[in-house]
2 protein chains.
Amino acid sequence: MHDHNDILKKVKNELPDDELLCDLADLYKIFGDTTRIKIMYALFEEELCVCAIADLLGMTQSAISHQLKILKDADLVANRREGKTIYYHLSDDHVRSIIAQGFDHLTEEHED
Amino acid sequence: MHDHNDILKKVKNELPDDELLCDLADLYKIFGDTTRIKIMYALFEEELCVCAIADLLGMTQSAISHQLKILKDADLVANRREGKTIYYHLSDDHVRSIIAQGFDHLTEEHED
DNA sequence: TGAACATATGAATAATTGTTCAAGTGAAGG
DNA sequence: CCTTCACTTGAACAATTATTCATATGTTCA
């Protein structure tokens with residue numbers, strides 16, 4: 001291996017804690033699934049109940065419920081109960097801005 | 001299932017194409033791995049060759065090379081050759097801003 | 001209390017994916 | 001040329017994960 005100790009020392013200091021980088025990866029992992037992206041997108045406009053989301057995406061209630069749990073555990077969505085129905089909504093605007101940022105990258109031109 | 005046809009019609013219209021949502025999920029999938037996050041972070045400061053990154057992260061060249069290919073295919077990093085050595089760097093500022101956005105969410109307080 | 005409804009949960013399966021190992025490029029230098 | 005060095009690539013294995021199916025929770029209303 002060729003020498004690059006000086007650069008490594010410098011870069012090593014700039015790297016955040018392993019734990020933080022891991023948390024960051026875990027957060028993005030949640031955005032890395034089409035079903036969850038669709039759920040979040042659906043909640044852009046207004047709160048929806050579980051079966052409405054299931055209906056919208058053409059998937060089972062169970063599958064949606066599993067994904068909603070993941071989103072809730074990550075504080076990306078929250079819910080409220082109204083009788084038998086549970087309505088989900090985005091918990092803050094980060095979801096919107098994170099998704100918007102992704103769009104920026106996708107729609108940007110890349111010359112080759 | 002209870003009725004919510006009116007809401008569904010409205011939300012359905014707002015949802016982007018399936019293909020776009022899929023591409024978006026694929027993009028975030030790339031950020032959803034600790035190794036790749038670390039690689040991108042390491043490249044924040046300056047370009048690095050493959051074995052420097054491997055050394056920094058304490059991983060094999062092969063593992064890093066595989067991940068660099070994924071990052072390159074997604075236009076997140078680019079490289080240049082100098083003799084036997086290949087230097088990688090971030091291809092644009094989107095990487096920085098996407099990661100920064102993630103940090104925002106992680107470091108924000110969530111009252112319960 | 002009991003039936004019906006909306007949702008949650010657990011276990012199982014199938015598919016995806018990160019790392020390793022072994023072999024393959026391609027450039028530099030004797 | 002032939003070797004060495006930096007890196008890439010492909011196949012295989014292990015680990016993770018999304019969905020399904022069956023069952024459980026909790027609320028409403030008769």
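Here is how names work: the chains are called A, B, and so on, in the same order as the sequence lines, proteins then strands, and each is numbered from 1.
- Sorted by first and then second residue, the pairs that involve residues 38-80 of chain B and meet ring-ring contact (aromatic ring centres under 6.0 Å, His included), not counting sequence neighbours, are B:Y41-B:F44.
- Taking only side-chain atoms of B:H66, from C-beta outward, the nucleotide of D:dG10, C:dA11, D:dC7 with the closest atom is D:dG10.
- A:H2 has no side-chain polar atom (N or O) that falls below the 4.0 Å cut-off from OP1 or OP2 of D:dC5.
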Sequence-aligned protein contact record of nucleotides 22-30 of chain C, with B where the base is within under 4.0 Å of a protein heavy atom and S where only the sugar-phosphate is: B---SBS--
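- Regarding B:K69, its NZ atom lies at a distance of 15 Å from the C1' atom of C:dG18, rounded to whole Å.
- Residue contacts for A:Y88: at a heavy-atom cut-off of 4.0 Å it reaches the sugar-phosphate backbone alone, with no base atom in range.
- Residue contacts shown for B:T60 are limited to sugar-phosphate atoms, with no base heavy atom under 4.0 Å away.
- For the pair B:L57 CG and C:dG18 P, the interatomic distance rounds to 15 Å; values are reported in whole Å.
- When all heavy atoms of B:V77 and B:S91 are compared, the closest pair comes out as N-OG, 3.3 Å.
- When the P atom of C:dT9 is taken as reference, atom CD1 of A:I86 falls 9 Å away, rounded to whole Å.
- Atom CG of A:L68 is separated from atom P of C:dA6 by 16 Å (rounded to the nearest Å).
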Side chain to side chain donor-acceptor pair (under 3.5 Å) assessment of A:S97 paired with B:Q101: CA-CA 8 Å; A:S97 49; B:Q101 205 84 48; 3.1 Å; yes
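- If you check every strand for non-hydrogen atoms under 4.0 Å, A:K29 touches sugar and phosphate atoms only.
- In this structure, A:D26 places its CG atom 13 Å from P of C:dG18, rounding to the nearest Å.
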B:D6 and B:K10: CA distance, side-chain angles, deciding distance, salt bridge (charged side-chain N to carboxylate O under 4.0 Å, His left out) verdict: CA-CA 7 Å; B:D6 40 350; B:K10 188 188 163 192; over 6 Å; no
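- Atom CE of B:M59 is separated from atom P of D:dA6 by 19 Å (rounded to the nearest Å).
- When each of D:dC7, D:dT19, C:dA8 is scored by its nearest atom to the side-chain atoms of A:V50, the top-ranked nucleotide is C:dA8.
- Between A:Q67 and the phosphate of D:dT19, there is a side-chain N or O to OP1/OP2 separation shorter than 4.0 Å.
- Hydrophobic clustering of Ile, Leu, Val, Met, Phe, Trp and Tyr side chains at less than 4.5 Å, counting indirect connections, keeps A:V95 apart from A:Y87.
- What separates CG of B:D55 from C1' of D:dC7 is a distance of 15 Å, to the nearest Å.
- Partners of B:E82 according to the side-chain hydrogen bond (donor to acceptor under 3.5 Å, both in side chains) rule, which considers only residues two or more places apart in sequence or in another chain, are B:R80.
- For the pair A:D93 and A:R96, the minimum side-chain heavy-atom distance is below 4.5 Å.
- Listed by first and then second residue, the salt bridge (charged side-chain N to carboxylate O under 4.0 Å, His left out) pairs that reach into residues 27-36 of chain B are B:D26-B:K29, sequence neighbours excluded.
- When each of D:dT8, C:dT19, D:dT20 is scored by its nearest atom to the side-chain atoms of A:A63, the top-ranked nucleotide is D:dT20.
- Every residue two or more places apart in sequence or in another chain that forms a side-chain hydrogen bond (donor to acceptor under 3.5 Å, both in side chains) with B:D18 is listed here: A:K38.
- Only A:D33, A:T35, A:R36, listed by number, bring a heavy atom of residues 33-44 of chain A to less than 4.0 angstrom from any atom of DNA chain D.
- Taken to the nearest 0.5 Å, the CD1 atom of A:I39 stands 12.0 Å off from the CG atom of B:L21.
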